[in-house]
Amino acid sequence: MRFTEKIITIERFIFEHQPDYARGDFTNLLYDIAMAAKMIANKTTRAGLADILGTSGATNVQGETQQRLDIYADQTIFRLVDHTGRVCVMASEEHEDVLEIPPEFNKGRYVLVYDPLDGSSNIDVNVSIGTVFGIYRCVDWANRGRVEDCLQPGRKLLAAGYVLYGASTMLVYSTGQGVHGFTLDPHIGEFLLSHPDMRFPEPKYYSANHAYFGRWSPEIQEYTRWLQGRGDYEDAPKALSERYIGSLVADFHRNLLRGGVFMYPAEVGKPEGKIRVLYEAGPLAFLAHQAGGYASDGQQNILDIVPQTLHDRTPIFIGNRHLVQKAEEFVAQGDTAFQ
Ligand code: AHG
Ligand code: MN
Ligand code: MN
């Protein structure tokens, strides 16, 4: 560390790098999300203890029912944003329908979509989890927010990001001017700029749940062989290793820092895949694009998918551009080529 290196808080960074259209509400909405991240991070470090307390009658000293972390995260984001006059509507993984702004509050210009707690299966085993968010402009000013405001393709995102609750808490976001990462200093409660201008380096890893290998189509199976450097492919990537956490945010984050591809492809009998378009695939595809990478459903850019419902799913290949494009090549050849 040199004394000339600046210490930059997320507040200062957002303020200094806000797009021209984004004075005021948009910038403050990003602060709100950073605040939600701090509150959720504070709980993730205590989740194990909270679970123990929750077993004895499941009420705490204030008489409140102990909540699962994903419900807490969902409610925290909503409660920080609903009354601010900055959004017209929200959508969350945890709710079937859109989250309307209560009538007593003003509506704003933006739409917030989010996966409050990503990687739920990892909560109880002390493995990294995350939050994903995307911000759109409200399309219909005449009405209070509606589902139509949420059903926009990733290409229309104004901003997207994620929070990773790992050994340290990080917030990574983009407003379309590169991807920037901040690490929470828990002692002072501030996110400080730690990873400016993140770009996918040469790939080291691929990430997939290989337990599903038998359910993948022959072309996806062949793609994994290509990733592993097997078969007679001159363009095979060099010595990729496999890493899979099972929290999309954590898997994406590692691949962004180390280079690689994450895939959750279609399965035989489950062509829609698992990852949700609106609040998982879309925001991460926006970040991947901003970091020099690419995200595809195997046939098209994820950013071009217009979700038909809030919880539409999509197959996904996301990471270094050439690795994702290769997945598209395999898919385009069709399964008969590899029988
Ligand atoms: P969520 O916890 O928000 O429902 O998302 C879970 C997703 C994603 O985070 C992860 O990549 C994937 O589920 C893991 O699924 P498998 O256990 O089938 O591999
Ligand atoms: Mn998720
Ligand atoms: Mn979730």
Side-chain angles (χ1 to χ4, degrees), residues 33 36-37 40-41 43-44 47 67-78 90-97 99 112-134 150 154 160-166 170 172 205-216 220 224 242-256 260-288 295-298 302 307 309-319 324 327:
I33 292 165
I40 297 165
K43 278 280 191 288
T44 61
Q67 295 173 330
R68 281 188 58 88
L69 203 51
D70 41 11
I71 297 171
Y72 175 81
D74 179 54
Q75 293 181 351
T76 298
I77 295 170
F78 183 83
M90 291 181 256
S92 156
E93 184 201 342
E94 298 299 325
H95 300 270
E96 198 169 331
D97 299 319
L99 296 166
L112 177 64
V113 297
Y114 59 97
D115 175 357
L117 219 295
D118 174 65
S120 298
S121 69
N122 282 326
I123 295 173
D124 291 343
V125 290
N126 206 4
V127 172
S128 297
I129 49 182
T131 295
V132 192
F133 66 91
C150 300
Y162 60 82
V163 186
L164 173 65
Y165 312 100
M170 282 194 68
V172 174
Y205 298 119
Y206 77 96
S207 314
N209 189 337
H210 268 283
Y212 306 144
F213 188 86
R215 302 186 216 157
W216 296 336
I220 300 298
T224 61
E242 198 217 356
R243 292 282 187 282
Y244 188 77
I245 295 169
S247 297
L248 176 58
V249 166
D251 279 308
F252 178 85
H253 181 74
R254 183 203 48 252
N255 291 348
L256 177 56
V261 62
F262 170 95
M263 70 170 185
Y264 207 115
E267 293 168 14
V268 176
K270 199 176 160 195
E272 71 278 14
K274 179 176 186 187
I275 303 303
R276 275 62 57 103
V277 176
L278 187 61
Y279 43 79
E280 293 182 316
L284 294 183
F286 180 86
L287 292 172
S296 170
D297 68 358
I302 296 268
T309 74
L310 295 179
H311 305 288
D312 277 7
R313 295 171 190 269
T314 178
I316 188 170
F317 304 84
I318 186 167
V324 176

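Count residues from 1 along the sequence. Owing to the predicted nature of the structure, the values given are computational and were not obtained by experimental measurement. Just follow the structure's listing: the first ligand is 1, and inside any ligand the first atom is 1.
Distance check for D115 against the Mn ion (ligand 2): an N/O/S atom falls below 2.8 Å. Distances from the Mn ion (ligand 3) show that D118 has no N/O/S atom below 2.8 Å. Among the atoms of L117, an N, O or S atom falls under 2.8 Å of the Mn ion (ligand 3).
Across A250 and I245, no two heavy atoms sit closer than the pair CB-CD1, 3.6 Å.
Of the listed residues (T131, T44, N122), just one forms a side chain to side chain donor-acceptor pair (under 3.5 Å) with Y165, and that residue is T131.
In this structure, atom 5 (O) of ligand 1 lies nearest to the protein heavy atom D118 OD1, 3.2 Å. Of the protein's non-hydrogen atoms, G246 O, 3.4 Å is the one closest to atom 10 (C) of ligand 1. Protein heavy atom in closest approach to atom 14 (C) of ligand 1: Y244 OH, 3.3 Å.
L284 is not listed as a side-chain neighbour of I275, based on a closest heavy-atom distance of 4.5 Å or more. In this structure the side chain of L164 never reaches within 4.5 angstrom of the side chain of V172, judged on heavy atoms. Taking the side chain as every heavy atom from C-beta outward, T224 and M263 approach each other to under 4.5 Å. Proximity of Y205 to E242: side-chain heavy atoms (C-beta onward) are nowhere separated by under 4.5 Å. Contact of the F78 side chain with the D74 side chain is not registered, since no non-hydrogen atoms from C-beta on lie closer than 4.5 Å. Using a 4.5 Å heavy-atom threshold, the side chains of F317 and P265 count as touching. M170 places none of its side-chain heavy atoms less than 4.5 Å from the side chain of Y162. I318 is not listed as a side-chain neighbour of N255, based on a closest heavy-atom distance of 4.5 Å or more.
Near D115, meaning under 4.0 Å from any of its heavy atoms, are these atoms of ligand 1: 3 (O). The L117 neighbourhood of ligand 1 comprises atoms 2 (O), 3 (O), with distances under 4.0 Å to a heavy atom of that residue. Taking every non-hydrogen atom of E280 and a distance limit under 4.0 Å, the qualifying atoms of ligand 1 come out as 3 (O), 5 (O). In summary, the atoms of ligand 1 found under 4.0 Å from a heavy atom of S120, numbered by their order in the structure, are 2 (O).
Salt-bridge annotation for E267 and R215: present, with a side-chain N of the basic residue lying under 4.0 Å from a carboxylate O of the acidic one.
The residue Y279 has no part lying near ligand 1, judged by heavy-atom distances below 4.0 Å. Contacts between L248 and ligand 1 below 4.0 angstrom, taking non-hydrogen atoms only, involve backbone and side chain alike. Proximity of N209 to ligand 1, defined as any heavy-atom pair under 4.0 Å, is confined to the side chain (atoms from C-beta onward). Contacts of D70 with ligand 1, taken as heavy-atom pairs under 4.0 Å, are absent altogether. Under 4.0 angstrom from ligand 1, the non-hydrogen atoms of S247 all belong to its backbone.
Of the candidates R276, K274, E94, the one placing a heavy atom closest to atom 1 (P) of ligand 1 is R276.
No other N/O/S atom of E280 lies as close to the Mn ion (ligand 2) as OE2 does. Checked against the Mn ion (ligand 3), the N, O or S atom of E93 at the shortest distance is OE1.
The aromatic rings of H210 and Y206 lie perpendicular to each other, with more than 60° between the two planes, well past the 30° mark.
At a 3.5 angstrom cut-off on N or O pairs, F262 does not count as close to ligand 1.
Ligand 1 does not have D251 within reach: every non-hydrogen atom of the residue lies 4.0 Å or more from it. Contact analysis leaves S121 out of contact with ligand 1, as no non-hydrogen atom separation drops below 4.0 angstrom.
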Steps toward side chain to side chain donor-acceptor pair (under 3.5 Å) verdict (R68, S120): CA-CA 10 Å; R68 281 188 58 88; S120 298; 5.6 Å; no
